[in-house]
Amino acid sequence: MDNSGKSPQLIDRFGRKVDYLRISITDRCDFRCVYCMSEEMTFLPREQVLSLEEIYTLAKAFAELGVKKIRITGGEPLVRRGALELLENIGQIENLNELVLTTNGSQLEHMALALKKAGIKRINISLDTLDADKFKAITRTGNLQQVLRGIDAANDAGFERIKINAVILKDKNHQEVVDLVQFAVDKAIDISFIEEMPLGMVSQHDRSAAYYSSDCIKADLASHFSLLASTEKTGGPSVYYKVQGSQTRVGFISPHSANFCSSCNRVRLTVEGRLLLCLGNEHSVDLKQVIRANPGDMDILKQTIVDAMQIKPEKHEFNIHEQPVILRHMSVTGG
Ligand code: SAM
Ligand code: SF4
């Protein structure tokens with residue numbers, strides 16, 4: 001390891017500094033969103049999944065290498081037993097500025113306050129529609145009212161920021177973009193629209209036909225809201241606009257129509273302990289193997305992470321009109 005006394009940093013071949021880690025803490029979920037999973041899913045056996053202790057050790061190693069922000073995601077992170085304690089422990093890691101969470105909202109009604117106390121500052125909640133039947137059609141097993149109660153509980157708990165994530169699908173929910181922004185304005189929270197990405201094989205859903213670009217969404221919003229371009233960044237791939245006359249920011253995550261790779265500062269840790277250098281490529285390093293072969297050896301672990309930066313690809317290779325090249329589902333990868 002570098003003992004030069006300088007703070008360690010993770011830098012890739014293209015000079016990009018990596019200071020943001022997303023961790024998928026489970027591939028399991030209580031929903032089966034059509035763009036994310038097939039109706040019948042086989043989940044990973046327990047021994048293939050990182051233990052909570054292993055996840056904590058990895059989070060600590062990354063923080064010691066200059067990572068400032070960690071997002072906990074999944075699958076549905078809040079269905080993993082022990083998730084709250086894990087979050088509490090990661091929240092206390094030195095030098096980590098921000099611990100954030102992405103959730104489908106199903107557990108927030110009873111967990112929001114405890115999450116706030118655990119040190120979570122910002123929370124992203126997925127909500128693609130305000131129509132109960134469409135919600136059922138998209139999530140297959142979800143209950144809209146439960147999620148709406150969860151959003152209210154999160155608002156009451158007093159997080160610094162709450163953001164809705166909505167994947168927009170043509171002819172499924174694209175007609176609702178105005179209503180979704182109005183919902184965010186009424187609740188004084190933010191919202192990001194996400195273009196669907198071709199990750200993993202999904203059944204009963206045609207990704208090419210469902211593609212709806214960020215530009216189309218912006219055009220739909222233009223007649224109802226004044227969107228003011230904002231230079232604000234939250235460390236992720238969203239490009240933000242402020243809704244005039246409100247506290248709400250509208251973000252667009254546009255992997256297809258506006259490639260964001262040149263400013264990529266992120267890597268992902270899959271639930272199997274694979275360090276994934278890019279969401280849209282398979283370049284990865286098996287950190288579970290390193291941690292299990294060298295228990296307690298932080299130096300080897302950190303050196304492996306530093307070396308891994310050399311294989312971070314320049315950009316993703318998504319093509320929504322072809323069969324997915326990336327066979328892992330977003331739930332394994334951590335969205
Ligand atoms: N279960 C949690 C949730 O739904 O928020 C966290 C994990 S989920 C994989 C994280 C985010 O990825 C969600 O906002 C979801 O809508 C998004 N997502 C899942 N599959 C996607 C896909 N194929 N393309 C784009 N976004 C996707
Ligand atoms: Fe579950 Fe989130 Fe995937 Fe929906 S998007 S199936 S809630 S992991």
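Each ligand, and each atom within it, is numbered from 1 in the order the structure gives.
In the model, Y212 has no side-chain atom that pairs as donor or acceptor with a side-chain atom of N173 under 3.5 Å. A side-chain donor from one of S106 and N104 sits under 3.5 Å from a side-chain acceptor of the other.
At least one test fails for K121 against the ring of F159: distance under 6.0 Å to the centre or angle within 45° of the axis.
The only member of K68, R268, R71, E98 that meets side-chain hydrogen bond (donor to acceptor under 3.5 Å, both in side chains) when paired with Y20 is R71.
Looking at V167 next to ligand 1, no N or O pair under 3.5 Å apart turns up. Here's the thing with T73: none of its N/O atoms is less than 3.5 angstrom from an N/O atom of ligand 1. Inclusion of E196 in the set of residues having an N or O under 3.5 Å from an N or O of ligand 1 is not warranted.
With hydrogens and angles disregarded, a donor-acceptor distance shorter than 3.5 Å links the side chain of N294 to the backbone of V290.
Counting atoms of ligand 1 from 1 in the listed order, those under 4.0 Å from a heavy atom of E195 are 25 (C).
With a heavy-atom cut-off of 4.0 Å, C33 touches ligand 2 through backbone and side chain alike.
Ligand 2 lies nowhere less than 4.0 angstrom from a heavy atom belonging to S126. Using a non-hydrogen distance threshold of 4.0 Å, G75 registers as a contact of ligand 1.
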